[in-house]
Colleague: 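One structure follows; several queries about it will come next.
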There are 2 protein chains.
Amino acid sequence: MRQSTTSTSRARGIDRVISLCEQLHLHREPMTPKELMAATGAPRSSVYELINLLSEAGWLETGSDGRIFFGRAMHYFGLDYADHNDLLRRARPVMRQLSARFDETAQLCMLDGDKYTVMLNENGARPFRISSEVGVKVPIPWTASGRVLLGGMSREVILGLVPEADFVLPSGEQIDIDAFLAEIEHTRQRGYALTEGLVDSFACCMAVPIHEGDTIARATLCFTVGRNADQARRETLVEALREAAATLSHGD
Amino acid sequence: MRQSTTSTSRARGIDRVISLCEQLHLHREPMTPKELMAATGAPRSSVYELINLLSEAGWLETGSDGRIFFGRAMHYFGLDYADHNDLLRRARPVMRQLSARFDETAQLCMLDGDKYTVMLNENGARPFRISSEVGVKVPIPWTASGRVLLGGMSREVILGLVPEADFVLPSGEQIDIDAFLAEIEHTRQRGYALTEGLVDSFACCMAVPIHEGDTIARATLCFTVGRNADQARRETLVEALREAAATLSHGD
DNA sequence: ATCAATCGTCCGATATTTCGGACTGTTGTC
DNA sequence: GACAACAGTCCGAAATATCGGACGATTGAT
């Protein structure tokens, strides 16, 4: 996505549309026109005009409480995307099956800019589970997927790719770069990544790479710390993950 | 969606964005810039500028063949819509289960303007099946859902709501209004709609209403003509549909 | 190698859109 | 009931984006 501090004044109207939609997405909740004004920095009359234009096209809808959110058209467009993205389409049943087999959450993540993004999330039926919303973006070093990505990269490339701020965990803890590099190397040799209690103290994720063209994607299994703890079980999980990833990797 | 013959000259830039996305959705396939120029009627440089702006924001993506299609951002927005739409969210598991139980296609349709639109489509596992893409729009009189909708409406209201052209079936056959009204009345008394070989000679659909606020929605089961033919089986299907619809209907 | 056709980018005059603010209708307070 | 605050619409001067066309890059044919 585009920086919110877009200084360019080119195509302001369209920038407004884009930033309005991004704000809606970020809030993940319907917003009032007032909130949209504040969030986008657009003047009142412009926001209203935008809302009207986009509502007419079905891009936005106004709820019974007067709040604005995405409309049907976005549903259609989003499904068009998911249908046409080869990897996503093929991955859905695979990830669903993976999730069902172990009754844990299976995810497909893709790199989007300098953040990992959850593109598919299939939950197990377990009453308490680790789960994310599709579209959630997470700094590379926080994720198991990211550790797989960085495997084999030089220190310089890694430091260039990852924004400094992303080495600080949500807990406030600073990731030690040297220890991190060592862990990445370990991950690379092992062939899969494992994180425990990193983003959240209860989350445990395993990730393996998917190779498909230039797309940088990872398949992960997520569960709560403590589950699937013994080594044999973990081997089984990793093996299943690898198999899934192999199915999805393009043979070219 | 908005008429393609929008004569208003207000906010042309945004109109262009809207029409570009609508064209992509209509074609259901990635398009070249050239095709987009032709489809939207926008000048060459404008199309390129649009593509660049929207690509930068992740709204569009360029495939390896140079064709343009929706990008990741649309996926996020679409899922936001589906997550926030109460009915859709609750309906997904219900329709999935309905589909699984009979191994037929279950759909949730909503009225969008004067057309019925498929909002959820869960396929049975059967190798040959009746199915639609989410987002497909169908004239009211062609659908079982539409017959449920019109139940109880006066002749005048119905003729005002349904565009004249929609009384002509894909086969070219003209629907006789009087027979149609009689059938609607029959449908209303029976409590569910049944269409056989209407839109397509092999499609058979059953629909029941879902009551939830002002949203006009229907649950349907679709299968090929000839299947589920005997009366007892149909009763079972209808009963299950009614149950699903009751689950989804809001108790207010 | 040359040429033609196509693809994509860039630029600036001009036709268009934006946005401050006035206006109307609605809601809530005293 | 009077008033204030708010929500949404509308307008036109001023600020801006649009699009014709020129340009360079790339491809393909001869």
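Just the heavy atoms: all of them, side chains too, but no hydrogens, waters or symmetry mates, feed the values below. None of the values given here were measured: they were computed from a predicted structure. Proteins come first, then strands; the chains are lettered A, B, ... in the order of their sequence lines, and each starts at number 1.
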Colleague: What nitrogen or oxygen pairs link the protein and nucleotides 7-10 of chain C at under 3.5 Å?
Modeller:
residue	atom	partner	partner atom	Å
C/dG8	OP2	B/Tyr48	OH	2.7
C/dG8	N7	B/Arg44	NH1	3.0
C/dG8	O6	B/Arg44	NH2	3.1

Colleague: Whole Å only: how far is the CD1 atom of A/Ile14 from the C1' atom of C/dT16?
Modeller: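 One finds 13 Å between C1' of C/dT16 and CD1 of A/Ile14, rounded.
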Colleague: Indicate the ring-plane relationship of A/Trp59 and B/Trp59, choosing parallel, tilted or perpendicular according to the 30° and 60° boundaries.
Modeller: tilted
Colleague: Does the side chain to side chain donor-acceptor pair (under 3.5 Å) test come out yes or no for B/Tyr81 and B/Asn85, once each step is laid out?
Modeller: CA-CA 6 Å; B/Tyr81 171 78; B/Asn85 189 298; 3.2 Å; yes
Colleague: Salt bridge check: are B/Asp112 and B/Lys137 linked by an N-O gap of less than 4.0 Å?
Modeller: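 Yes, B/Asp112 and B/Lys137 are salt-bridged.
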Colleague: Hey, could you give me the CG/CG distance between B/Leu60 and B/Leu24, rounded to the nearest 0.5 Å?
Modeller: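 Result: 6.5 Å between the selected atoms.
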Colleague: Kindly give the heavy-atom pair with the smallest separation between A/Val208 and A/Leu241, and that separation in Å.
Modeller: CG2-O, 3.7 Å
Colleague: Rounded to whole Å, how long is the line connecting atom CD1 of B/Ile18 with atom C1' of C/dT17?
Modeller: 15 Å
Colleague: Could you tell me the separation between the CE atom of B/Met37 and the P atom of D/dG20, rounded to a whole number of Å?
Modeller: 10 Å
Colleague: Using C1' atoms of five pairs at each end, report the bend of the helix from C/dA1-D/dT30 to C/dC30-D/dG1 rounded to 10 degrees.
Modeller: 40°
Colleague: For residues 154-163 of chain B, which residue pairs pass the side-chain hydrogen bond (donor to acceptor under 3.5 Å, both in side chains) check, not counting sequence neighbours?
Modeller: B/Arg155-B/Asp178
Colleague: If you look only at pairs with a residue in residues 35-48 of chain A, which of them pass as a side-chain hydrogen bond (donor to acceptor under 3.5 Å, both in side chains), with sequence neighbours excluded?
Modeller: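 Listed by first then second residue: A/Thr32-A/Glu35.
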Colleague: Expressed as a whole number of angstroms, how long is the span from A/Leu53:CG to D/dT9:C1'?
Modeller: 14 Å
Colleague: Can you name the closest pair of heavy atoms from B/Val168 and B/Trp142 and give their distance?
Modeller: O-CZ2, 3.1 Å
Colleague: Counting the benzene-type ring for Trp, do A/His25 and B/Phe77 have ring centres under 6.0 Å apart?
Modeller: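 Ring centres of B/Phe77 and A/His25 closer than 6.0 Å.
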Colleague: Just the atom pairs and distances: protein N or O near nucleotides 24-26 of chain D's N or O, under 3.5 Å.
Modeller:
none

Colleague: Kindly list each side-chain donor-acceptor pair under 3.5 angstrom involving residues 144-151 of chain B, sequence neighbours excluded, with atom names and distances?
Modeller:
residue	atom	partner	partner atom	Å
B/Arg147	NE	B/Thr143	O	3.3
B/Arg147	NH1	B/Glu183	OE1	2.8
B/Arg147	NH1	B/Glu183	OE2	2.6
B/Arg147	NH2	B/Pro141	O	2.5

Colleague: For C/dT18, does either OP1 or OP2 sit under 4.0 Å from a side-chain N or O belonging to A/Ser46?
Modeller: no
Colleague: Figure out the CG/P separation between B/Leu20 and D/dT18, and round it to whole Å.
Modeller: 13 Å
Colleague: Nearest whole angstrom, please: distance from the P of C/dC19 to the CD1 of A/Ile51.
Modeller: 14 Å
Colleague: Rounded at 0.5 Å granularity, tell me how far CG in A/Asn121 sits from CD in A/Gln107.
Modeller: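 The CG atom of A/Asn121 sits 4.5 Å away from the CD atom of A/Gln107.
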